[in-house]
Amino acid sequence: MNEAEKARAQAICHEEELARAKFEAQLRAHRDKTARLRAERLARQEASWLERRKSTMAVIRAGLADLREKTTRMRAARSAKVG
């Protein structure tokens with residue numbers, strides 16, 4: 001192998017290394033962007049859940065209060081029948 005062929009082979013090898021490095025950098029950037037977008041989506045979901053949680057808890061509390069009142073009326077009606 002003469003010097004020209006060696007130089008050409010080294011140039012090709014160098015180009016492949018540069019292409020691989022560029023590809024890996026693009027891949028890393030894509031993964032970083034995906035991770036950032038996922039974190040933002042999860043944060044939005046968490047905030048949304050916290051907002052909905054307040055209203056859900058209010059509905060549950062109202063339902064429990066209604067249930068207590070109904071139970072009290074039923075007990076009063078039962079004791080009136082027995083007594």
Side-chain angles (χ1 to χ4, degrees):
M1 193 185 269
N2 63 22
E3 291 298 319
E5 290 176 348
K6 285 182 182 179
R8 186 167 187 267
Q10 287 177 346
I12 290 172
C13 183
H14 181 69
E15 289 174 7
E16 289 175 355
E17 288 175 5
L18 289 176
R20 180 178 293 128
K22 181 179 177 182
F23 172 77
E24 288 174 357
Q26 289 174 341
L27 183 63
R28 194 169 32 255
H30 180 72
R31 287 180 178 164
D32 290 346
K33 180 180 177 182
T34 301
R36 180 180 51 81
L37 292 174
R38 180 175 185 268
E40 290 173 1
R41 179 177 49 83
L42 291 174
R44 281 193 308 274
Q45 286 177 343
E46 178 73 14
S48 173
W49 180 81
L50 288 175
E51 290 174 11
R52 287 192 318 258
R53 182 175 180 257
K54 292 174 186 175
S55 63
T56 302
M57 292 302 293
V59 169
I60 291 170
R61 286 188 188 105
L64 288 174
D66 292 343
L67 184 61
R68 283 188 203 108
E69 289 176 20
K70 184 176 180 180
T71 304
T72 303
R73 287 194 305 269
M74 290 174 65
R75 285 181 181 162
R78 186 180 308 147
S79 65
K81 286 183 183 179
V82 173

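Along the sequence shown, residues carry numbers from 1. Fair warning: this is a prediction, and the values are worked out from it, not measured in the lab.
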message: Walk me through whether Leu42 and Gln45 qualify under side-chain contact (heavy atoms from CB on, under 4.5 Å).
response: CA-CA 5 Å; Leu42 291 174; Gln45 286 177 343; 3.6 Å; yes
query: Is the number of heavy atoms from other residues, nucleotides or ligands under 6.0 Å of Arg36 CZ greater than 12?
result: yes
- request: Determine whether more than 12 heavy atoms belonging to other residues, nucleotides or ligands lie under 6.0 Å from atom CZ of Arg41.
  value: yes
Out of curiosity, [X] [atom1] to [Y] [atom2], how far, rounded to the nearest 0.5 Å?
{"X": "Arg38", "Y": "Arg31", "atom1": "CZ", "atom2": "CZ", "answer": "14.5 Å"}
{"X": "Arg61", "Y": "Thr56", "atom1": "CZ", "atom2": "OG1", "answer": "10.5 Å"}
{"X": "Leu27", "Y": "Glu24", "atom1": "CG", "atom2": "CD", "answer": "8.0 Å"}
{"X": "Met74", "Y": "Leu67", "atom1": "CE", "atom2": "CG", "answer": "9.5 Å"}
{"X": "Thr72", "Y": "Lys70", "atom1": "OG1", "atom2": "NZ", "answer": "12.0 Å"}

Is any side-chain heavy atom of [X] less than 4.5 Å from a side-chain heavy atom of [Y]?
{"X": "Gln10", "Y": "His14", "answer": "no"}
{"X": "Asp32", "Y": "Arg28", "answer": "yes"}
{"X": "Glu40", "Y": "Arg44", "answer": "yes"}

query: Step by step, would you call Gln26 with Lys22 a side-chain contact (heavy atoms from CB on, under 4.5 Å)?
result: CA-CA 6 Å; Gln26 289 174 341; Lys22 181 179 177 182; 3.6 Å; yes
message: Pair Lys54, Leu50 - check side-chain contact (heavy atoms from CB on, under 4.5 Å), show working.
response: CA-CA 7 Å; Lys54 292 174 186 175; Leu50 288 175; 5.8 Å; no
